[in-house]
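First up is the structure itself, then whatever we jot down about it.
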Amino acid sequence: MNSITVKDGTHIFYREWGTGQPIMFHHGWPLSGDDWDNQMMFFSAQGYRVVAHDRRGHGRSSPSAHGNDMDTYAADAAAVTAHLGLRDAIHIGHSTGGGEATRYVATYGGGGRVAKAVLIGAIPPVMLKSPSNPGGLPITVFDAIREGVAANRAEYYRGFATGPFYGYNRPGAKPSQAISDNWMRQAMTGDIKAQYDCIKAFSETDFTEDLKKIAQPVLILHGEDDQIVPVDDSARLAAKLLRNATLKTYPGFPHGMATTHAEVINAAIFDFIRS
């Protein structure tokens, strides 16, 4: 297995192959780097070096009862990039991984380490509703997620995978059992404590200042029918905070659009990183 051991002893698993300019992928909750299979195959075929790690407590990385916060996630990602010597990299994050990528680029992305970034269905600026973020989701939404994970995460995750994540609960949708099963495979491989703690990290972390710090070009891709991270309080706000943002939204596309509409998303990313 390809893995590194970070300062607190946690093992972070990663996959990488190919040559050329590196692209590092940051996955969503509660999945693993395997969620990027399609993109890794596509971009390696285009001549890029592709890298995807499993966040601590997710996938094949160590179970983690501590450090399940955005600062540590970004530090873990930085440890992987340093170990692999990644320079002039494109960082691509989906959902929670979009928050992780944002924190990484804002904190560690200088000195030629990062060329560009792509955020797909990403959580920034902040998901939780508050007086300063009136369009966010109320804490009761995230409390319900915590309750579902703690009580019976297999049953709760099954509802995510077969319902709103890929838009399979919409009239006229054509669900793929294989895609839902793969979502479940990834989710149930991870550590429940780390996944439970990550709910606070993805819902309450405020990335406003991170977005303001980022000088590199950033492509924001978001489905207009995203039922997990609503577009109006995420992508549209993030684009206004970034110095150099390109925003593309897609009518009818779900949260998991990088899987359900991979050919569209891959083409948009490819055009952006070549421009």
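When reading the values below, keep in mind they use all heavy atoms of this one structure, side chains included, and skip hydrogens, waters and symmetry mates. Note that the structure is a prediction, hence the values are computed from the model and not measured.
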Any side-chain donor paired with an acceptor under 3.5 Å for [X] and [Y]?
| X | Y | value |
| --- | --- | --- |
| Trp17 | Ser44 | yes |
| His26 | Tyr104 | no |
| Ser130 | Asn133 | no |
| Asn244 | Gln216 | no |

Student check: side-chain heavy atoms of His94 and Leu31 closer than 4.5 Å
no
Test: Arg274 cationic atom under 6.0 Å from Phe270 six-membered ring centre, within 45° of axis:
yes
[X] and [Y] ion-paired at < 4.0 Å:
| X | Y | result |
| --- | --- | --- |
| Asp225 | Arg170 | yes |
| Arg185 | Asp34 | yes |
| Arg56 | Asp69 | no |
| Lys212 | Glu209 | yes |
| Arg146 | Asp197 | no |

Using 30° and 60° as the class boundaries, would you call the ring planes of His53 and His27 parallel, tilted or perpendicular?
tilted
Hey, can you tell me if Tyr156 and Phe160 have their rings parallel, tilted or perpendicular (30° and 60° cut-offs)?
tilted
In Thr246, Leu242, Thr249, the residue satisfying side chain to side chain contact (heavy atoms under 4.5 Å, CB included) with Ile220 is Leu242
Under the criterion ring-ring contact (aromatic ring centres under 6.0 Å, His included), which of Tyr157, Phe165, Tyr73, Phe142 is the partner of Trp29?
Tyr157
